[in-house]
Amino acid sequence: MATTENSEAVTQAAGGDAALQDLRYNPADIEARWAERWAEQPDLYAAEPYPSAKPKYYVLEMLPYPSGQLHMGHVRNYSIGDTLARYMWMQGYNVLHPMGWDAFGLPAENAALKNNTPPRQWTLANIVAMKRQMNRVGFSYDWRNEITTCLPDYYRWNQWFFLRMFERGLAYRKKSKVNWCPLCATVLANEQVVNGCCWRHDEQIVEQRDLEQWFLRITRYAQELLDGLAKLDGWPEKVRTMQRNWIGRSEGAEIDFALADECTVPEDEEKARRSGTAILPARDDVKPSGNKIAVFTTRVDTIYGATSLQLAPEHPLVKQMAAGDPALAESVAALLEQQRKAREAGDVGAIEKHGVFTGYYAINPFNGERLPVWVGNYILLDYGTGAIMSVPAHDDRDYEFAKKYGLEIKVVILPRRGGEAVENGERDSLLPFTDEDSLLINSGEFSGLGCQEAQHKMAAVAQEQGFGKPTVTFRLKDWGISRQRYWGTPIPMLYCEKDGIVPVPDSELPVLLPDNVEITQQGGSPLGRIPAFVNATCPKCGGPARRETDTMDTFVDSSWYFYRYTDARNDKAPFATDTVAYWFPIDQYIGGVEHAILHLIYSRFWTRVMRDLGLIENDEPVRRLFTQGMVIRNGAKMSKSKGNVVSPDEMIARYGADATRMYSLFAAPPDRDLDWQEDGVAGVSRFLGRVYRFAIKHGSSAATSEAGSKSTRAAAPASPSPTTQALLRKLHQTIRKITEDFAGRWHFNTDIAAIMELVNLLTAAEPQIAAGEVPDAVLAEILRTLTLLLAPFAPYLAFELWQHIGQTDNLLRAPWPKFDEALAKEEQIEIPVQINGKLRSVICVDADATEEQIRDAALAEPKIAAAIAEKEVARVILVPRKLVNIVVK
RNA sequence: GCGAAAGUGGCGGAACUGGCAGACGCACCAGACUUAGGAUCUGGCGGGGCAACCCAUGGGGGUUCGAGUCCCCCCUUUCGCACCA
């Protein structure tokens, strides 16, 4: 509709004035014409197939979820990638620039509920719509390799990979507590829980449920995933840090504390009473089975300072201890509830510490001391061993806890301030003292050792004596991939009464996801309600078997999709190994920082699995990663819920695709957030109009005079006019600036500004051009180069001008212009002259003037001469080509 | 609390290695062409002052001939992480 309005306005405005009509930049018209032409050439942006003599360049933008609507974040993301792809083609690379659809997932089911449309139909219709939008913007995708993850020719390979992982013990099933979102009615991965809430429903608190789940053993690669980060120097440091934290490696020791034979003695009971804990009877009646408590610590050097053990409320031993003890059971239940609530609310860090004494004691294996065993609400079962030794003097949390419950505080690390040991009396003010650059005290034979040294020695001693060992713990958990959802890849597993868990044979892949499944909001897997799907035959015994009815997490789809792009129509294998070897790793991956952890860590894991399967040679999927900023409007991220979205369609209809995408690159450097201002789009559109009018005006005469000359040198006359010189200088400075920027900083905003400066200079030179001061051949060369410079940023206009100036070769593959240092060089430069660091004047000198000449010119400059006449010149600082600073007294 | 990034005109942003602060664009103002146009072109546009000049890059110190840029302290914003033993 907006398009119609626009063209009507143009028609009215133009009136009958043919000349004005010709000079009016009408992007709707130009872009429609080229879009149509490009649509007729499906191979327009096709990469040369492997093997190719050209150097390869694989540029990739993160594939979208087909919601049905391209939003500005997409436009920005893809504009960056598209500009780069077009530039690399012009630099002579064989560029792979594919696109696809991350098409499984919950929104399709939600839409099905809402509109009563089958997920498949909804999704495929959305893909058609978004593909149309992408083509309208003019993105240069090689659609021959398009992938759609919800189609069997893609997801069969998810199943194939799953079976390979199952064979190698990398996929396994276990009953586990899972994060359950009641709104999604499904399990969430740990990574999908944000502050205790669902990542899709940030108000919905995640519940815990016990379910049999399939897991992928990503932890087997934890160390390698961590080590690999060090080598990813083409990745933002921020992303590497986030992954490092996520993997969360900590080195320490596991120490076994034996349970003591006797239990509570009266004085401890008294202590418990004083500290306000539940009073517990002496316990020598029941002894828990198993006689030790394993504890993980990163500070084994402080073990002589341990004054209690703290167990997680869910620790198996606690269950046994509480079994015959209702009072303890009740206290533990309360602690568990506190922890659960805090976890759900996402502020586990702020939980008020509570604990309860169990009545049991454990023996510190280093010194034989009896330590009371407590249960603490701040101890997590799923980290380390679910039990800690509490060292109040040297740990913030233990200190807080010990103060509250009146537990003993034993100092075993020498407190120091600024490297100096402090007086005994001062020690208390330094507690808890957690520094590691000190010495052990009160630690038996280990006293006097440095902390680090003691950590190694004590762990070694524990190992020798058989009550512990040095160990490494990771925060990273195995990846739970089971989803009780319909719209995902069926997990290719069968359950046979006789043979148990049986994998579906390769020959029966894909396990097709049935259509016509009723989507409801009931819990459980929708597939479980389809008898035709569930009932199968066991491949081993031929008897009846039940199919797995859970589907895979959609992050499985995106963990390896970029490999499939290299060989998307392969129906014998996920891809051909030699083709992948040619294209990988991805040279440049571009997307939002919100995928810094989930997608990017899963795909690094998947890459290593495929490598170990012998399918690929690379360890890492992505050489360089670029995370672009968000699109902001009115101070908030553009989103439907904020009501501040701007539709790309509307922008394109009003200002054209070129202006819209160019604005998305012009308004901010690509790694920063972008503030969307519609007036800015209008400004870029105006600029493109100026280019258009200038080129139309001068293009025809340039076209006829051009006579095949392809270099500025050849076109330049022997003694050019000052205008000619100035224009050529600016032209080559602009080429240089943009070329260098593509190789380094990617500040496309300043590249576009540079092109604007060039155009400003050109239009300002109109009178000189009209007076014939610029030879047609030079003008032609300038126009040709300007068009090439615009090609990566504004492809529609570039194609239009390319044709207009009489060029017939393919602009997509036209060589990027080379800059000529000699032509780019300034003849005269302005040099600021300061007195005592304050700007006082500016002098103009030859670019190759000697220091002597510059100094003389500066001192002779009338203003300067007057200012220093009465003073003594102490120093003259001369920075070649930059500035003169005269220091006077 | 820990870590990272950032703070520059009315706005988005330039200034890459310390060297003319505000490129380029928006908005705004004035003018031209025009019987209206959300078009195009020209000029102006950080603040103060008639001026020479002075003051300005979140605030305060420092290093330097010279600081938006380097160092120290503080403030604000955004984003990660957050009892991980």
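Here the structure is a predicted model, which means the values were calculated and not measured. Quick note: numbers below take in every heavy atom, side chains included, and nothing from hydrogens, waters or symmetry partners.
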How about CD on A:E594, more than 12 heavy atoms from neighbouring residues, nucleotides or ligands closer than 6.0 Å, or not?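 Yes.
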Establish, with yes or no, whether the OP1 or OP2 oxygen of [N] is under 4.0 angstrom from a side-chain nitrogen or oxygen of [X].
X	N	result
A:R240	B:rG3	no
A:R745	B:rC16	no
A:R244	B:rG3	no
A:N245	B:rA82	no
A:N760	B:rA23	no
A:R881	B:rU17	no
A:K838	B:rC55	yes

Taking the side chain as every heavy atom from C-beta outward, state whether [X] and [Y] have any pair of such atoms under 4.5 Å apart.
X	Y	value
A:F296	A:I388	no
A:M72	A:T660	yes
A:L380	A:Q339	yes

Separation between the [atom1] atoms of [N] and [M], rounded to whole Å:
N	M	atom1	answer
B:rG61	B:rC55	P	15 Å
B:rC73	B:rG25	P	41 Å
B:rG9	B:rG59	P	10 Å

Does [X] reach a base, just sugar-phosphate, or nothing at all? Heavy atoms under 4.0 Å.
X	result
A:Q834	base
A:E237	nothing
A:F666	base

Return the nearest nucleotide to the side chain of [X]; candidates are [options].
X	options	value
A:H747	B:rA85, B:rC41, B:rA14	B:rA14
A:R686	B:rA27, B:rC65, B:rA23	B:rA27
A:S250	B:rG19, B:rG12, B:rA85	B:rA85

Determine whether a donor-acceptor pair (one donor, one acceptor, N or O, separation below 3.5 Å) exists between the side chain of A:N885 and the base of B:rC65.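 Flag set: donor-acceptor pair detected.
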Given the side-chain rings of A:F467 and A:F257, with only the six-membered ring counted for Trp, is the space between their centroids under 6.0 Å?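 Here the rings of A:F257 and A:F467 have centres that are no less than 6.0 Å from each other.
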Find the partner of [N]: check Watson-Crick (N1-N3 plus N6-O4 or O6-N4) and G-U wobble (N1-O2, O6-N3) distances, both under 3.5 Å, and reply none if neither fits.
N	value
B:rA52	none
B:rA4	B:rU78
B:rC41	B:rG31
B:rC26	B:rG10
B:rU63	none

On RNA chain B, check which nucleotide each of A:Y383 and A:R840 is closest to and give me the residue with the more 5' one.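 Of the two residues, A:R840 wins.
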Glycosidic conformation of B:rG22, taking syn as within 90° of 0 and anti otherwise: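 Anti, angle beyond 90° from zero.
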May I ask you to check if A:K353 and A:Y378 form a cation-pi contact, with NZ or CZ under 6.0 angstrom from the six-membered ring centre and within 45° of the axis?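 Cation-pi check for A:K353 and A:Y378: passes.
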